[in-house]
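The next block holds one structure in the form of structure tokens; read it before the comments.
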Amino acid sequence: MANHELSFTPQEALSSTPKTPEKIGGNFVGKDIISLKQFDKDSINTLFKVVPKMKDIYRAVESSDILEGTRVVSIFFEPSTRTRGTFEAAITQLGGQFMGIDQPKEFSSMAKGEDFEDSMLFYEMFGDAIIIRHPDVGAAQRAADVVRVPVINAGDGIGEHPTQALLDLYTIKENAGKLGGLTGLMAGDIKNGRTVHSLLDGLSLYPDNTIYLLSPDLLKLEPQKLNEWRKKGLKIEEIENQSDIPKDADFWYWTRVQRERFKGEEEYKAVKNQFVLNEALVEEKAGTKTIFMHPMPRVGEIDKGVDRDPRAVYLTSQPRNGIYTRMALMALVLGRIRPY
Ligand code: NCD
């Protein structure tokens with residue numbers, strides 16, 4: 001090791017080193033779910049085998065006691081409709097208790113200056129698991145480093161959104177019947193879209209996937225990240241025009257330009273809605289089996305005229321799968337269902 005001066009004490013170095021979340025390796029019990037990089041194909045399969053059972057439970061009139069006696073706290077530092085709503089639906093449908101803390105920087109003692117770690121240690125008292133959404137990359141891992149219960153990352157800044165990727169992969173598999181040998185298109189904010197990053201992680205586990213990335217220059221992936229996925233075997237083609245979209249792809253995954261990640265409104269306005277999914281584009285490029293996905297919310301990048309197309313799943317099976325996959329995940333992480 002080079003003999004250079006340390007600018008921090010070893011103790012500080014230790015506490016600032018981000019821990020790597022444990023691999024799932026087929027066993028979900030007690031694990032933090034921070035990144036899709038924790039998953040292998042078998043673990044995804046294990047989860048997906050539980051999902052249809054959860055779908056049945058959700059649609060049945062009777063409620064379930066799978067999560068009876070468990071308490072889950074969700075702490076959302078950023079707004080959410082689907083992620084927070086489907087987690088709450090998932091946990092309460094399985095008989096668990098759900099405590100939702102929203103906007104803690106405004107409404108909790110964090111507004112008085114309490115730090116993140118102290119707040120997490122307090123919330124830990126109420127939960128057998130903590131679900132967290134935060135604007136900073138790495139925040140979920142920071143929470144996991146201080147609490148002893150499993151932490152589920154519901155989105156950390158421009159980092160990751162693993163549970164969204166799981167429901168997206170499930171939706172793709174439900175329609176294409178497979179997760180390898182696919183051609184997909186991802187459009188919009190590829191640089192800042194955490195759902196895109198986690199989905200690319202997921203798709204890179206399977207062979208022969210080709211993903212076209214359609215985005216303005218400013219919203220392209222950093223070359224280093226792009227290369228990481230390419231090294232894993234994912235074929236990635238960056239395109240700049242809608243005319244370069246391949247015909248008959250298996251899925252289109254449209255995304256919102258992430259306004260809250262921009263420094264100024266002008267910069268945002270210059271790149272927003274450069275690419276819009278509309279009926280003309282569907283007519284020109286979609287195949288009979290192409291599904292149209294979006295993690296939502298949309299803010300103009302999908303024309304409402306597309307909503308009734310049976311290939312549009314962003315208002316139907318895609319968000320519903322969010323409930324079922326999150327039910328399955330929570331039941332597995334809390335050790336209330338055996339993987340079979
Ligand atoms: C996304 C998110 O929050 O990352 N939404 C979601 O969780 N379904 C996408 C977005 O906000 O654009």
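Index from 1, following the sequence. Order of appearance sets the numbers: ligands from 1, and atoms from 1 within every ligand. Heavy-atom basis, side chains included; hydrogens, waters and symmetry copies ignored.
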Open item on the list: Aromatic contact between H134 and F76, with the criterion being ring centroids under 6.0 Å apart: yes or no?
Closed with: no
Open item on the list: Could you tell me if R133 and T83 have a donor-acceptor pair between their side chains, going purely by distance under 3.5 Å?
Closed with: yes
Open item on the list: On a heavy-atom basis, which atom in L203 and which in L182 lie closest, and how many Å separate them?
Closed with: CD2-CD1, 4.4 Å
TODO: Could you walk me through whether E301 and R256 pass salt bridge (charged side-chain N to carboxylate O under 4.0 Å, His left out), step by step?
DONE: CA-CA 7 Å; E301 66 280 0; R256 168 181 75 92; over 6 Å; no
Open item on the list: Below 30° counts as parallel, above 60° as perpendicular, anything between as tilted: where do the rings of F116 and F77 land?
Closed with: tilted
- [ ] Tell me the residues surrounding ligand 1, counting only those with a heavy atom closer than 4.0 angstrom, sorted by chain and number.
- [x] T83, R133, H161, Q164, R194, T195, R256, Q258, P295, M296, P297
Open item on the list: Can you confirm if the NZ or CZ of R311 lies within 45° of the ring axis of F292 and under 6.0 Å from the centre of its six-membered ring?
Closed with: no
